[in-house]
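Have a look at the structure below before the remarks.
Ligands are counted one by one from 1 in listed order, and the atoms in each one are counted from 1 as well. Throughout, numbering of the chain's residues begins at 1 and tracks the sequence.
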Amino acid sequence: MAQIIDGKAVSKQVREKVAAETAALKEKGITPGLAVIIVGDDPASQVYVRNKEKACDEVGFYSEKFALPASTTQQELNELVMKLNKRDKISGILCQLPLPSHLDDKEVINLIDPKKDVDAFHPVNVGEIMIGDYNFLPCTPAGIMELIHSTGVDICSKKAVVIGRSNIVGKPMAMLLLHENATVEITHSKTKDLKSITSQADILVAAIGKAKFVTADMVKDGAVVIDVGMNRDENGKLCGDVDFENVKEKCSYITPVPGGVGPMTISMLMKNTLTAAKIQNGLMK
Ligand code: GUN
């Protein structure tokens with residue numbers, strides 16, 4: 001049976017480290033600040049944003065929430081981002097996605113100063129990640145790397161398979177695994193004979209968005225299985241993209257849902273905001 005990777009415990013370690021560094025920065029008169037923009041009233045987004053604010057308090061950051069009505073225009077949103085780009089108190093800007101359908105998320109992302117882009121969604125930051133010379137990593141893949149590292153499993157020369165090719169998770173995830181010398185394959189909804197590929201994976205990252213999609217027959221014995229999913233099962237219970245109960249009997253390490261990847265994402269956002277504050281105050285290049 002697999003060991004369960006405790007996302008809450010790893011996440012706590014990251015936050016404690018960020019909190020300690022923040023306390024040291026405050027001695028120098030620098031307080032990292034995060035601006036979180038949320039447009040409309042999507043309930044899931046409201047929960048995420050509340051958790052981000054709570055995490056800021058926990059690590060000692062200044063934070064400001066901008067809750068805009070669903071009727072906000074592109075120009076109003078753009079103007080807010082441009083104003084926040086100029087504010088010294090704000091080290092990082094995060095615009096919670098998805099935006100209401102009349103707003104263009106690409107336009108907003110492109111306007112965020114890359115030095116304040118703590119999501120690492122701006123094309124400049126995406127390009128730097130591709131090259132392997134970066135300050136910010138997107139929070140979910142960065143958190144997953146911390147979770148894999150916490151197992152002590154060596155990534156070098158392992159076969160890693162990522163299911164899902166989103167800009168937020170799948171693509172950057174593959175790049176980070178590649179940077180650590182895994183042999184990486186990205187699969188997606190058009191991939192043929194997925195099972196023949198996933199069953200070769202020493203490290204399997206599932207980011208599909210379909211409840212219990214990855215079944216035990218798709219998993220190699222002893223694999224490390226990372227579940228990025230956040231779905232509801234037939235009984236309305238929170239579950240991941242992996243059939244946890246059956247897969248855990250076969251793999252060596254597995255992340256639970258909840259309590260796996262989820263808690264890491266916000267911790268990595270805290271880490272990015274701290275990095276942004278350091279860069280803007282000349283303490284890092
Ligand atoms: N919506 C879901 N995940 C994320 C994220 O990591 N960043 C932002 N900005 N919005 C999200």
Answer yes when Lys271 and Glu21 have at least one side-chain N-carboxylate O distance shorter than 4.0 Å, and no when they do not.
no
Are any of the side-chain nitrogens in Lys89 or Glu64 under 4.0 Å away from the carboxylate oxygens of its partner?
no
What I want to check is whether the side chains of Gln74 and Asn78 have a donor and an acceptor closer together than 3.5 Å.
yes
Give a yes or no on whether Asp88 atom CG has more than 12 heavy-atom contacts from other residues, nucleotides or ligands under 6.0 Å away.
no
Regarding Lys220 and Asp202, does a basic nitrogen lie under 4.0 Å from an acidic carboxylate oxygen?
yes
Hey, which residues fall under 4.0 Å of ligand 1 on heavy atoms?
Leu94, Cys95, Gln96, Leu97, Asp119, Phe121
Backbone of Thr72 reached by a side-chain donor or acceptor of Glu76 within 3.5 Å
no
